[in-house]
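Okay, so here's the structure we're looking at.
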Amino acid sequence: MSDVVIIGAGHAGVAAATELHRLDDQLTITIVSNESWLPYHRPPLSKKTLFDAQPGMDLLQTELFYNTKEINLLRNQSVINIDRQHQLVELASGQNLTYSQLIIATGSCLQRITTLGGELAMGVYNYDDILALGPKLQAAKRVVVIGGGFIGCEVAAGALKMGKHVDLLITGPRALRKAVAPAMGELVTQLHKANGMKIHTGCHVNHIDNAGVDTNQGTFTTDLVIAGIGVKPNTKLAEAADLEVDNGIVVDQFGQTTDPNIYATGDVASFPLAGRMQRLESIQNATDQSQVIAANICAHRHRTDIKVYSPTPWFWSDQGDLKIQMTGLSALSTEQKTLSTSHGNRMTALHLKSGLLTAVDTLNMPGNHIAARKLLAIPVDITWEMVQDSDEDLKQLYKRLR
Amino acid sequence: MTQVTFIQADGKHIDVSADQGEHLMKLALDNGVVGITGFCGGSCMCATCHIIVEEITGELAAAGEMETEILDMEVDELFTYSRLCCQISVSTAMDTITVRIP
């Protein structure tokens with residue numbers, strides 16, 4: 001019997017355990033992981049680890065953390081069922097774990113290429129993927145990367161830096177089409193090309209075989225195919241348990257699912273933000289949402305005040321020498337403006353909706369990213385005129401408004 | 001080898017020997033130093049690995065633009081020798097370093 005059972009040992013699951021233990025060190029917590037490793041940092045996998053001859057691992061917590069009498073990490077275990085009526089979780093091993101509160105932090109899994117030969121394309125999601133892919137990448141001379149989102153661009157840029165011939169196949173008109181302002185996506189595409197990456201836009205894969213990747217633009221011969229075409233949330237357990245699922249496990253602003261004893265957090269959770277349901281795949285979201293949920297579980301147990309999860313989202317991507325940082329919700333915007341301080345491989349793009357600032361993307365301009373995070377977090381509507389009145393200096397604007 | 005000492009907020013000293021190239025944040029996490037979280041895994045994004053350099057023998061590279069900006073905007077109480085320890089890697093030019101967690 002644990003007070004809290006957490007399914008999933010990624011950033012969200014471990015952040016929840018860490019915060020629960022910090023708030024109440026008497027709570028008994030069981031974390032169920034389907035991996036064999038101690039929980040580790042995931043962002044470096046596609047940004048750094050994959051390209052290292054000796055791939056390392058950065059742990060989220062030392063082994064000591066899981067060896068206390070309150071915290072129990074079960075590795076190599078998979079959950080097969082959530083029995084809400086009896087408040088227990090059934091493991092494939094036959095063991096049952098009862099809970100007072102359950103946190104579902106099952107994350108997401110890779111979308112696979114469905115065309116013929118799609119299984120030949122390797123993916124990057126966890127450390128086992130790195131162990132499988134790393135030696136093949138070291139040995140390859142030519143690499144085809146499919147997908148122009150963050151993972152595709154990070155992997156392509158890293159492979160290019162290793163001296164590989166890299167073909168990056170993108171279905172859309174430019175890299176990072178869904179993630180950043182059009183002008184920035186275009187600049188990133190051009191900068192990668194200038195470094196020698198072969199970027200093929202409007203490129204659709206017909207099939208993959210051992211000779212290469214056949215597309216509407218011809219066949220790309222290659223030693224290795226890597227795909228980064230997105231993820232989908234791991235919602236099966238929640239669906240089977242009859243929790244509400246709609247592009248993720250539906251939770252309220254407190255992180256609670258339709259069952260008051262069950263919470264969901266991280267990639268898998270769909271929560272209300274800025275007037276609509278959002279699912280965010282990021283470290284910021286995994287960490288901050290888990291901290292709020294941990295606080296709310298403790299509040300529930302001790303009958304104290306609960307917290308609302310209302311973040312200013314932020315994301316980042318490292319692609320060779322390019323550091324791309326985003327904050328806010330750019331999907332809501334209707335207009336983009338580029339700051340005049342942008343030049344060379346530096347750019348700041350603002351997203352506006354009805355004349356108000358909703359998100360900011362920066363390329364190699366970290367000061368503006370941090371300032372934008374601060375600006376979006378204060379309860380003041382920011383207009384383009386206010387930005388201009390501060391000489392388009394976001395830091396100056398924040399210092400004036402705070 | 002470089003001798004690294006972490007002084008926790010509770011006053012406890014944790015001494016670690018480090019090889020060239022190792023990051024102070026990873027050392028702190030691997031040795032269970034309390035007060036260092038490093039949510040972003042050392043990407044200089046989150047300011048949860050703020051330390052104050054107390055003493056150093058040898059050389060320490062200056063903070064870069066990203067680190068300076070994060071410190072300036074994200075850290076509430078800034079000290080003269082505030083740094084983000086994810087951005088400090090041990091070099092052969094560094095014999096000892098002592099850092100305090102605020």
Side-chain angles (χ1 to χ4, degrees), chain A residues 11-12 14-15 18-19 22 38-45 47-49 52 56-65 67-68 282-288 290-291 314-318 323-327 346 362 364-375 377 394-395 398-399 402, chain B residues 4 6 8-10 12 14-50 62-78 82-90 101:
Chain A
H11 285 261
V14 175
T18 303
E19 186 69 359
R22 191 183 73 80
L38 286 173
Y40 54 89
H41 282 273
R42 288 176 195 270
L45 298 181
K47 295 172 170 69
K48 179 180 173 297
T49 322
D52 290 340
M57 179 188 276
D58 298 327
L59 298 181
L60 290 168
Q61 290 280 1
T62 56
E63 191 160 13
L64 210 63
F65 175 76
N67 288 346
T68 53
S282 72
I283 296 302
Q284 172 277 320
N285 182 58
T287 307
D288 293 348
S290 289
Q291 289 186 341
W314 51 266
F315 315 83
W316 84 97
S317 177
D318 299 325
K323 184 150 201 119
I324 301 156
Q325 299 165 295
M326 297 130 283
T327 181
R346 299 161 81 91
T362 61
N364 291 338
M365 296 183 85
N368 278 351
H369 169 72
I370 300 296
R373 251 153 75 173
K374 296 283 188 187
L375 276 173
L394 300 182
K395 212 161 132 179
Y398 170 67
K399 288 190 169 171
R402 75 175 163 190
Chain B
V4 182
F6 294 95
Q8 293 182 172
D10 63 6
K12 186 180 167 195
I14 294 172
D15 297 310
V16 188
S17 297
D19 289 322
Q20 185 184 353
E22 286 199 81
H23 285 240
L24 254 54
M25 187 198 79
K26 186 166 165 28
L27 281 174
L29 293 178
D30 289 349
N31 290 281
V33 175
V34 175
I36 298 291
T37 338
F39 283 136
C40 76
S43 287
C44 204
M45 287 296 297
C46 70
T48 58
C49 68
H50 176 210
E65 180 190 359
M66 181 82 192
E67 185 184 349
T68 309
E69 297 284 2
I70 295 240
L71 282 166
D72 182 32
M73 299 293 283
E74 286 284 36
V75 175
D76 293 334
E77 196 185 357
L78 209 56
S82 281
R83 294 289 302 263
L84 297 177
C85 67
C86 71
Q87 300 300 304
I88 299 178
S89 58
V90 168
I101 292 94

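Naming: A, B, ... by sequence-line order, numbering from 1 per chain. Below, all heavy atoms of this structure are taken into account, side chains as well, without hydrogens, waters or symmetry copies.
In this structure, chain B has no heavy atom under 4.5 Å from any part of A:Ala286. With a 4.5 angstrom heavy-atom cutoff, B:Asp72 touches chain A only via side-chain atoms. For A:Arg42, no part sits under 4.5 Å from any heavy atom of chain B, backbone or side chain. For A:Leu64, no part sits under 4.5 Å from any heavy atom of chain B, backbone or side chain. Looking at A:Tyr398, only its side chain comes within 4.5 Å of chain B, counting heavy atoms on both sides. Neither the backbone nor the side chain of A:Lys48 comes within contact range of chain B, judged by heavy atoms closer than 4.5 Å.
Of all heavy-atom pairs spanning A:Thr62 and B:Asp30, the tightest one is CG2-O, 3.2 Å. The minimum heavy-atom distance between A:Pro44 and B:Gly41, with the atom names listed, is CG-O, 4.4 Å. Residues A:His41 and B:Phe39 approach most closely at CE1-O, 3.4 Å, considering heavy atoms. When all heavy atoms are compared, the tightest approach of A:Trp314 to B:Cys46 is CH2-CB, 3.9 Å.
Residues B:Glu69 and A:His369 fail the side-chain proximity criterion, which asks for heavy atoms closer than 4.5 Å. Between B:Met45 and A:Gln284, the closest side-chain pair of non-hydrogen atoms is not below 4.5 Å.
Note that CD1 of A:Ile370 and OG1 of B:Thr68 are 11.5 Å apart. Values are rounded to the nearest 0.5 Å.
Side-chain N or O atoms of A:Lys323 include one that pairs as donor or acceptor with a backbone N or O of B:Ser43 at under 3.5 Å.
For the set A:Pro366, A:Pro43, A:Gly367, the count of heavy-atom pairs under 4.5 angstrom toward chain B peaks at A:Pro366. Residue with the most contacts toward chain A among B:Met25, B:Met66, B:Lys26, B:His23: B:Met66 (heavy-atom pairs, distance under 4.5 Å).
When the shell of 6.0 Å around NZ of A:Lys395 is examined, it contains more than 12 heavy atoms from other residues, nucleotides or ligands. The number of heavy-atom neighbours closer than 6.0 Å to NZ of B:Lys12, taken from other residues, nucleotides and ligands shown, is 12 or below.
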